[in-house]
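Computed over heavy atoms, backbone and side chain alike; hydrogens, waters and symmetry mates excluded. In each ligand, atom 1 is the first atom listed, and ligand 1 is the first ligand listed.
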Amino acid sequence: MNRDLPVADRRRVRRAALRLVRRDVPGFVATLLLNSLAAVAALVSPWLLGRIVDSVKGGDPVDLLAATAVVAALAQLVLTRYAERVGTRFSERVQEHIRAELLDRVLALPAATVEHVRTGDLAARGTTDVAVVGRTLRDAAPVILFSSLRALFLIVAVFLVDPLLGACGLLAPAGIAAASRWYLRRARPAYLEEGAARSELAEHLAANAAGARTIEALGLQDRRTRAAERVIERGRTAQLRTLFLRGVLWPSVEVSSLLPPVLVLLLGGVLLDRGQVTLGAVVTCVLYLRQLGQPIETILIWLEQLQSSGASFARIEGLATSAREEIAAAEPRGDRIEAYGVHFAYEGGDDVVTAVDLTVRPGERLAVVGPSGAGKSTLGRLLAGIDRPRLGTVTVGSVPVADLSPARLREHVVLVTQEQHLFLGTVRDNLLLADPTAGDDRLGKALAAVGADWVVSLDDELGPRSSGVTLGPDRVQQLALARVILADPHTVVLDEATAMLDPRTARHAERSLAAVLEGRTVIAIAHRLHTARDADRVVVMDNGRVVEAGTHDELVAAGGVYEALWRSWHGSRG
Ligand code: ADP
């Protein structure tokens with residue numbers, strides 16, 4: 001069931017980019033204004049040079065014109081530096097915002113999504129893609145903005161000097177636009193493919209590293225190597241494709257930007273003969289058009305980076321798509337958990353949960369029993385929204401439980417297993433995960449309810465740090481249970497929550513657990529049948545299916561699978 005996260009489409013990318021600009025309008029306007037001023041300042045010198053040529057021809061003095069040219073050059077220098085600084089600052093702020101937003105989005109992804117996306121994909125988006133976009137914003141965006149303005153102003157200026165010569169100038173952008181259009185049409189899919197190939201490679205490496213022992217134990221090295229070669233080949237093909245696209249783009253651009261000055265010289269010569277332009281005007285136009293090559297080349301150097309970072313940005317925005325679309329807008333109505341026609345298979349395998357229908361009534365204590373491997377834990381994960389059914393639906397209050405954001409989900413259902421996590425930080429940090437708004441008094445009450453009397457202060461550091469306290473499994477479990485109390489879900493799914501603890505601490509833990517379960521719907525994956533006897537209803541699973549359901553007494557009387565389980569369990573206990 002592993003799959004790739006979505007990639008945002010063009011419209012969404014455009015909207016996201018606009019949103020980034022709108023967040024900081026003053027910064028953007030200042031950047032635009034300063035860059036425009038710098039671009040205008042750059043127009044002054046060639047124009048003055050034309051005037052100087054005409055003046056020299058006419059025998060007039062040129063000192064003042066020359067002095068003005070020097071001042072203009074200085075002004076341009078200062079303005080350019082300043083514009084660059086303001087632009088870079090603006091970019092840094094945007095970049096910071098993108099990073100913060102990415103983190104928020106990853107944290108808001110539904111558990112079922114995080115469990116089933118490729119870890120390599122998520123990792124690549126969080127590292128490579130963010131870095132590519134960041135680099136573009138820092139290095140490319142200010143330069144591209146300045147160069148675009150400069151090219152625009154240069155062409156306008158040629159037109160103002162002489163419309164006919166200006167028309168020659170238009171050839172450059174026209175040719176370049178045609179070449180770029182050709183390139184851009186093909187570049188997006190090509191760079192997206194390059195990114196996907198990169199993700200696959202990262203994924204492949206991560207899987208190899210994680211499963212190195214298994215690979216060796218099963219002698220799978222050759223097969224994994226062949227698979228790696230296939231992945232690398234995909235990357236190579238993708239890179240060759242983008243290389244080809246650039247190979248066409250560049251020469252076309254070079255020719256397009258060299259042609260106009262040549263044409264202006266030819267046409268200018270004719271017009272000059274006829275007395276329709278001055279020599280100064282021709283000089284100015286040639287200088288302008290010679291200068292045009294530089295910003296255009298700069299833009300194109302960065303176009304490639306812009307293109308690949310556009311793809312990266314689309315992948316980052318894709319996370320938002322995922323977060324937005326998968327988090328159900330609908331608020332669950334009621335506490336009832338229902339499963340209809342649920343099938344589930346682990347990646348590449350057969351169904352381990354098959355055609356399960358189940359309604360859990362609010363307030364009910366439901367026990368799920370069955371032989372090992374029957375699919376009980378998997379059903380528990382499905383009911384708790386950690387996994388998403390392959391077919392069928394699991395809903396809470398009519399809303400698919402796997403679509404709920406983590407924050408929303410934990411208000412409804414929480415899965416408690418023996419596998420609990422302790423986070424580096426204080427006791428308070430660890431508890432606030434469940435409810436960031438809880439005050440110290442609520443935290444204290446939750447700790448008291450689970451019997452965690454060993455906590456001296458909420459500020460105690462936990463975790464394997466020199467100063468930190470290392471906790472035993474029972475205490476880790478207590479903190480996890482305190483988190484459940486704080487999250488305050490109406491339903492708790494228990495899966496071997498106390499199985500790993502030794503009997504003495506297990507009894508202690510059972511007491512803590514009882515406090516947690518008070519007043520909630522409980523779905524207990526029962527590995528010891530006394531849990532089943534105390535339950536309101538027992539569901540028996542075998543081979544992925546629900547084969548029996550009823551109260552303990554009914555099922556014992558029925559003499560089916562449960563009765564056999566009960567007898568053997570009872571027998572083994574003497
Ligand atoms: P139970 O809780 O009843 O012992 P499980 O739900 O743990 O059963 O497992 C049901 C089936 O799914 C078993 O055949 C088990 O091997 C398989 N299974 C469980 N977890 C995974 C997993 N992460 N990946 C692949 N197969 C799994």
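Salt bridge status for Arg19 with Glu317: present, with a side-chain N to carboxylate O gap under 4.0 Å. Ion pair Asp403/Arg388 flagged as a salt bridge, since at least one NZ, NE, NH1 or NH2 atom sits closer than 4.0 Å to an Asp/Glu carboxylate oxygen.
Of the possible donor and acceptor atoms, one in the side chain of Arg483 sits under 3.5 Å from a partner among the backbone N and O of Asn430.
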Note to self: Before you tell me yes or no, could you show the steps for Asp222 and Thr225 under side chain to side chain donor-acceptor pair (under 3.5 Å), namely the whole-Å CA-CA distance, both residues' side-chain angles and the distance that decides it to 0.1 Å?
What the structure shows: CA-CA 5 Å; Asp222 285 349; Thr225 307; 5.0 Å; no
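Listed by chain and residue number, the protein contacts of ligand 1 are Tyr346, Val352, Pro371, Ser372, Gly373, Ala374, Gly375, Lys376, Ser377, Thr378 (heavy atom within 4.0 angstrom).
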Only distances under 3.5 Å count here; give the side-chain donor-acceptor pairs of residues 350-377 to other protein atoms, sequence neighbours excluded, each with its distance to 0.1 Å.
| residue | atom | partner | partner atom | Å |
| --- | --- | --- | --- | --- |
| Asp351 | OD1 | Arg390 | NE | 3.0 |
| Asp351 | OD1 | Arg390 | NH2 | 3.3 |
| Asp351 | OD2 | His343 | ND1 | 2.9 |
| Asp351 | OD2 | Arg390 | NH2 | 2.8 |
| Asp357 | OD1 | Gly341 | N | 2.6 |
| Arg361 | NH2 | Glu364 | OE2 | 3.3 |
| Glu364 | OE1 | Arg361 | N | 3.0 |
| Glu364 | OE1 | Arg537 | NH2 | 3.3 |
| Glu364 | OE2 | Arg537 | NE | 2.6 |
| Glu364 | OE2 | Arg537 | NH2 | 3.4 |
| Arg365 | NH2 | Leu517 | O | 3.3 |
| Lys376 | NZ | Gly370 | O | 2.9 |
| Lys376 | NZ | Pro371 | O | 3.0 |
| Ser377 | OG | Asp495 | OD2 | 2.9 |

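Under the 30°/60° scheme for interplanar angles, the aromatic rings of Tyr346 and Phe344 are found to stand perpendicular.
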